[in-house]
Each structure stands twice: as C-alpha cells, then as structure tokens.
Amino acid sequence: KAARDFSAGDDGMRAFRQLYAASRLLRKTIALQTALELVDEAKKGMDAALDVSVVTTAVQADEFRSLRAEAIASGNIPDIADAPRSALSSIMRGRIDDLTGWILFNQDKYPVAIEHLKRATTTLPNGTPAWRNAVWHLGVAYEQTGRNDVALENYILSYNAGPRDPIRRSVIEKLYRKVNGSVDGLEDKVGPPVSTGTAGVATKA
C-alpha cells in the first residue's frame, strides 16, 4: 500500500516513482507481484517521463546520488549536463527489463527472467553501473540454472567494468574453482584479490 500510495498520480515523474518503489520492494524481496505491476505500469509512462525537465537526473538518480549529496552538503547545486534523449531512453528501457528480469528470477521464473536480463544487457549503455548490474544479474540467473561457464563469463565481464568489489570477486573465485578445478589463471582475468570495498552482491534472497 505504501508503494502504491507513493507512486500514485498522473504527472510525468510518476514512472520514476513507480520504478523506485518497485526497486525497493525487490530489494526487500516483498510484494514482488506488486513490484512487477509497478514496473509494467512505468513502462507505459515512459514517453511522459522522458519529457520532464529533470529527466537526466531522474533517469540516473542512483548514479548521481553521491554526487548530489556531496554538492548539497557543500551548499552547491550539482552541475549535470543534459544527456541525449536516445541515451536516456536506452537506460530507462534497460532498467525496466533488468528490474522485470530480477523480479521474475526471485519468483523462480528463470527462463523468462533470463530473456529480460539478456535484453537489458544489450539495451543499457555498455559499462554503465546499470549495465554492470544487469550483466551480474544475468550471471546469477545462469548459475542458478546450471550454466556455470556462461555465468562465469558474465560475472567477469561485470566485475572488470567497474570498481573492484571483494565480495563479487569471491563469488567469481568460487565459481571459477568449480568450473576449472583450481584458481590457476584467475588473476589474469580479474586481477589479484582486493581487501577493501563496500559494494554488495545482488543474489537471490
């Protein structure tokens, strides 16, 4: 009910509120059907969402969270250049597919989840945080369905495209050992182990 109330309205920002509410329900793995419905509804409001004046910030809210917090704390307004509509559309559509796929994965609907996650990885701009998460999610889905070789490829692709996360590296090392029988050659693919970092791993609850 709180998610529905939060995402109510008929303004251009509604789709962003729906996606935010769905992502928070998914993070807690509660009311997943409601989360899925919110994502489906947000998809229908994409055109209006892409016309709002703050669309660049709204589409990439999670990426800009730290930047905005730091700027506000210092009494400034973050200087964020407007991004092309086509790029923002790709990010939004990709996130919708990633959210949809991850919700379906958590509902044990693996084949259709993989379809959405694969589409997300090809829609999202390569190397962006959203793309890295979608690629990682796809790896988790492949591992869950026994396709360990493909899962490992996706894990490594996601890991190498962003900050070195020790938790994710440990996931890669474990699966690499399972696939190859040892960790020989792993450092050539992902570098040495790291001892610091705060990023979490998105796995099935």
Next on the checklist: Please evaluate residues Leu25 and Leu38 with respect to the criterion side chain to side chain contact (heavy atoms under 4.5 Å, CB included), reporting the C-alpha separation (whole Å), side-chain torsions for both, the decisive distance (0.1 Å), and the verdict.
Outcome noted: CA-CA 10 Å; Leu25 292 176; Leu38 287 169; 4.2 Å; yes
Checklist entry - Step by step, would you call Phe105 with Ile114 a side chain to side chain contact (heavy atoms under 4.5 Å, CB included)? => result CA-CA 8 Å; Phe105 174 80; Ile114 288 174; over 6 Å; no
Next on the checklist: Evaluate Glu173 against Arg169 for salt bridge (charged side-chain N to carboxylate O under 4.0 Å, His left out), listing each step before the verdict.
Outcome noted: CA-CA 6 Å; Glu173 181 174 327; Arg169 193 190 186 287; 3.1 Å; yes
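Counting only heavy atoms from C-beta outward, the side chains of Leu19 and Met92 approach each other to under 4.5 Å. Val39 is not listed as a side-chain neighbour of Trp102, based on a closest heavy-atom distance of 4.5 Å or more. The side-chain heavy atoms of His137 and Tyr142, taken from C-beta on, include no pair separated by under 4.5 Å. Inter-residue side-chain proximity for Glu187 and Pro193 is flagged as met; some heavy-atom pair is nearer than 4.5 Å. Side-chain contact between Trp136 and Asn154 is absent, with no heavy atoms from C-beta onward closer than 4.5 Å. Side-chain contact between Pro163 and Arg132 is present, with heavy atoms from C-beta onward closer than 4.5 Å. Counting only heavy atoms from C-beta outward, the side chains of Thr123 and Arg95 never approach each other to under 4.5 Å. Side-chain contact between Asp97 and Leu117 is absent, with no heavy-atom pair separated by less than 4.5 Å.
The closest donor-acceptor contact from the side chain of Arg164 to the backbone of Tyr159 lies under 3.5 Å. Checked by atom type and distance alone, the side chain of Arg14 pairs as donor or acceptor with a backbone atom of Ser7 at under 3.5 Å. Side chain of Thr145 to backbone of Ala141: a donor-acceptor contact under 3.5 angstrom is found. Counting only distance, with no hydrogens or angles, the side chain of Asp11 and the backbone of Met13 share a donor-acceptor pair below 3.5 Å.
Side chains of Tyr155 and Glu143: a donor on one and an acceptor on the other come within 3.5 Å.
Listed by chain and residue number, Ser86, Ala87 satisfy the side chain to side chain contact (heavy atoms under 4.5 Å, CB included) test with Pro84 (two or more places apart in sequence, or in another chain).
Residue Leu104 comes nearest to Ala113 through the heavy atom pair CB-CB, 3.9 Å, listed as atom of the first residue, atom of the second, then distance. The two atoms that bring Ile172 and Leu152 nearest to each other are O-CD1, 3.8 Å, heavy atoms only. Counting all heavy atoms, side chain and backbone alike, Asn160 lies closest to Val190 at OD1-CA, 3.7 Å. For the residue pair Trp131 and Leu157, the shortest heavy atom distance occurs at CH2-CG, 3.7 Å. Nearest heavy atom pair, residue Ala151 against residue Leu175, reads CB-CD2, 3.9 Å. Of all heavy-atom pairs spanning Ala15 and Gly45, the tightest one is CB-O, 4.0 Å.
Taking hydrophobic clusters as Ile, Leu, Val, Met, Phe, Trp and Tyr residues chained together by side-chain heavy-atom distances below 4.5 Å, Val171 shares a cluster with Val179. Ile103 and Ile30 are members of different hydrophobic clusters when ILVMFWY side chains are connected at heavy-atom separations under 4.5 Å.
Rounding to the nearest 0.5 Å places CG of Asn126 at 12.0 Å from OG of Ser90. Taking CG of Asp40 as the start and CD of Glu37 as the end, the distance is 8.0 Å to the nearest 0.5 Å. Ile156 contributes atom CD1, which lies 6.0 Å from atom NZ of Lys189 (distance to the nearest 0.5 angstrom). In this structure, the separation between NE2 on His116 and CD1 on Ile96 is 11.0 Å, given to the nearest 0.5 Å. We find the OH-CZ distance between Tyr20 and Phe6 to be 6.5 Å, quoted to the nearest 0.5 Å. Rounding to the nearest 0.5 angstrom, the gap separating the CD atom in Gln107 from the CG atom in Leu36 is 6.0 Å.
The existence of a salt bridge linking Glu41 and Arg17 is excluded, since no basic side-chain nitrogen approaches an acidic carboxylate oxygen closer than 4.0 Å. Ion pairing between Asp5 and Lys1 holds under the 4.0 Å rule for side-chain N and carboxylate O. One finds no salt bridge joining Arg119 and Asp98 here, because no Lys/Arg side-chain nitrogen approaches an Asp/Glu carboxylate oxygen to under 4.0 Å.
In the displayed structure, Asp47 atom CG is contacted under 6.0 Å by at most 12 heavy atoms of other residues, nucleotides or ligands.
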